[in-house]
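Read through the structure below, which is laid out as structure tokens, and then see the notes.
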Amino acid sequence: LQNIDAAENILKHIWPRLSLKLSESKEKTNVKLWLVGKNIPVKIKNLATGKNIILDENNKDEASTIFRKAYVLLAPIRAGGGTSYKIIEAMASGVGVVTTNLGIEGLEAKNNIHVLASENEDEMANLVLSLIKDHSLYRKLTLNARKLVEEKYDWKIIAQKLNEVYVSCL
């Protein structure tokens with residue numbers, strides 16, 4: 001449900017603003033919105049009516065392969081529940097992340113250091129635009145995010161911490 005809400009928010013509010021800002025920009029960029037997921041609901045399909053919107057519900061690639069083809073993960077998470085795997089995977093893959101404070105809740109990711117976060121649709125469109133246009137900002141955030149994932153979310157580190165818990169129980 002959180003992903004459906006996020007996709008609906010992107011299609012109704014963020015993407016139209018971003019598209020307008022891109023069309024008004026002096027620098028022409030070929031930005032596409034790529035929604036990947038199984039069994040995309042009809043209401044999302046009906047909202048996805050633009051030449052630069054790609055709905056991909058038959059993609060069999062691993063998430064890491066999908067992220068290697070992406071530049072920004074836009075995740076306007078407004079409802080709690082589920083996991084933050086897609087955000088961690090994007091950070092691990094070197095993809096810029098634009099999300100909400102709820103999207104990074106429970107992670108050690110910080111706004112303006114590892115990701116860009118906002119609760120406002122217009123600002124989210126501006127943040128995506130910033131990542132597209134400001135290569136030094138993009139590089140800073142993605143390098144910081146990758147380092148955070150390596151230091152806090154690597155499986156070896158997680159397994160070691162879990163092992164310590166098991167040993168302490170014995």
Side-chain angles (χ1 to χ4, degrees), residues 1-11 13-15 33-41 43-44 54-121 123-132 134-170:
L1 292 176
Q2 299 84 353
N3 292 336
I4 293 169
D5 177 69
E8 191 172 349
N9 189 19
I10 290 168
L11 289 165
H13 304 289
I14 301 168
W15 181 251
L33 175 62
W34 184 26
L35 294 172
V36 181
K38 300 205 182 330
N39 304 315
I40 297 172
K43 72 177 179 177
I44 299 301
I54 302 164
L55 294 180
D56 189 349
E57 52 186 343
N58 297 311
N59 196 311
K60 300 201 183 337
D61 289 337
E62 294 286 325
S64 60
T65 302
I66 293 168
F67 282 122
R68 279 195 295 273
K69 297 175 184 176
Y71 193 73
V72 174
L73 170 67
L74 176 56
I77 306 299
R78 301 185 299 182
T83 64
S84 300
Y85 290 143
K86 70 179 143 289
I87 291 173
I88 293 172
E89 286 179 298
M91 291 168 55
S93 300
V95 172
V97 175
V98 174
T99 189
T100 59
N101 291 315
L102 185 59
I104 55 172
E105 186 175 281
L107 301 178
E108 293 190 35
K110 303 220 179 330
N111 187 21
N112 293 315
I113 296 174
H114 308 103
V115 303
L116 296 178
S118 175
E119 309 308 315
N120 176 285
E121 286 95 357
E123 188 175 335
M124 289 189 102
N126 286 334
L127 294 175
V128 171
L129 195 58
S130 294
L131 285 180
I132 292 168
D134 188 341
H135 299 292
S136 63
L137 173 65
Y138 185 88
R139 184 159 171 75
K140 178 190 93 165
L141 291 174
T142 57
L143 289 175
N144 288 342
R146 173 67 189 198
K147 184 178 178 190
L148 176 69
V149 170
E150 289 173 353
E151 291 175 353
K152 301 292 182 179
Y153 301 104
D154 184 270
W155 283 116
K156 291 177 187 172
I157 293 167
I158 293 169
Q160 177 62 37
K161 288 180 180 177
L162 186 57
N163 189 53
E164 290 170 8
V165 170
Y166 291 153
V167 168
S168 72
C169 291
L170 296 174

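All values below come from the heavy atoms of this structure, side chains included, with hydrogens, waters and symmetry mates left out. The structure presented is a predicted model; accordingly, all values stated were derived computationally and were not measured.
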Using the rule given for side-chain contact (heavy atoms from CB on, under 4.5 Å), can you reason through Leu11 versus Leu35, listing the C-alpha separation, both sets of side-chain angles and the distance that settles it, and then say yes or no? CA-CA 10 Å; Leu11 289 165; Leu35 294 172; 3.8 Å; yes

Once you round to the nearest 0.5 Å, how far does CG of Leu116 lie from CG of Asn126? 11.0 Å

If every non-hydrogen atom of Asp154 is compared with every non-hydrogen atom of Lys156, which pair is closest and at what distance? OD1-N, 2.9 Å

Evaluation steps, side-chain contact (heavy atoms from CB on, under 4.5 Å), between Leu131 and Leu137: CA-CA 7 Å; Leu131 285 180; Leu137 173 65; 4.3 Å; yes

Salt-bridge test for Arg78 and Glu8: reply yes if a basic N is under 4.0 Å from a carboxylate O, no otherwise. no

Considering all heavy atoms of both residues, which atom of His114 and which atom of Asn144 are nearest to each other, and what is their separation? CD2-O, 3.3 Å

Looking only at the side chains, is there a donor atom on one of Arg68 and Thr65 sitting less than 3.5 Å from an acceptor on the other? yes

So, does Ser118 use its side chain to make a donor-acceptor pair with the main chain of Asn120 at under 3.5 Å? yes

Might you work through the side-chain contact (heavy atoms from CB on, under 4.5 Å) test for Trp15 and Leu74, ending with a clear yes or no? CA-CA 10 Å; Trp15 181 251; Leu74 176 56; over 6 Å; no

When rounded to the nearest 0.5 angstrom, what distance separates OG in Ser168 from CG in Asn163? 9.5 Å

Mind checking whether Lys86 and Ile77 have side chains closer than 4.5 Å, heavy atoms only? yes

Are any side-chain N or O atoms of Tyr138 and backbone N or O atoms of Tyr71, one a donor and one an acceptor, separated by less than 3.5 Å? yes

Donor-acceptor check, side chain of Lys140 to backbone of Asn112, threshold 3.5 angstrom: yes or no? yes

Is any side-chain heavy atom of Ile4 closer than 4.5 Å to a side-chain heavy atom of Lys43? yes

To the closest 0.5 Å, what do you measure between CG (Asn58) and CG (Asn39)? 9.0 Å

I need the minimum non-hydrogen distance between Gly96 and Thr142, along with the two atoms involved. N-CG2, 3.6 Å

Between CD1 on residue Ile132 and OG on residue Ser130, distance to nearest 0.5 Å: 9.0 Å

Quick check: closest heavy atoms across Gly37 and Ile40, and the distance to 0.1 Å? O-CG1, 3.5 Å

With a 4.5 Å heavy-atom cut-off, do Tyr153 and Met91 have their side chains touching? no

Tell me whether Glu164 at atom CD has more than 12 heavy atoms from other residues, nucleotides or ligands lying less than 6.0 Å away. yes

Could you tell me the separation between the CD1 atom of Ile87 and the CG atom of Leu107, rounded to the nearest 0.5 Å? 6.5 Å

Output the distance between atom CD1 (Ile44) and atom CD1 (Ile10), rounded to the nearest 0.5 Å. 9.0 Å

Scanning both residues in full, the closest heavy-atom pair of Val149 with Ala92 reads CG1-CB, 3.7 Å

Given side-chain contact (heavy atoms from CB on, under 4.5 Å), test Met124 with Thr100 step by step and report yes or no. CA-CA 9 Å; Met124 289 189 102; Thr100 59; 4.2 Å; yes

What's the shortest heavy-atom distance between Ala6 and Pro76, and which atoms? O-CG, 3.7 Å

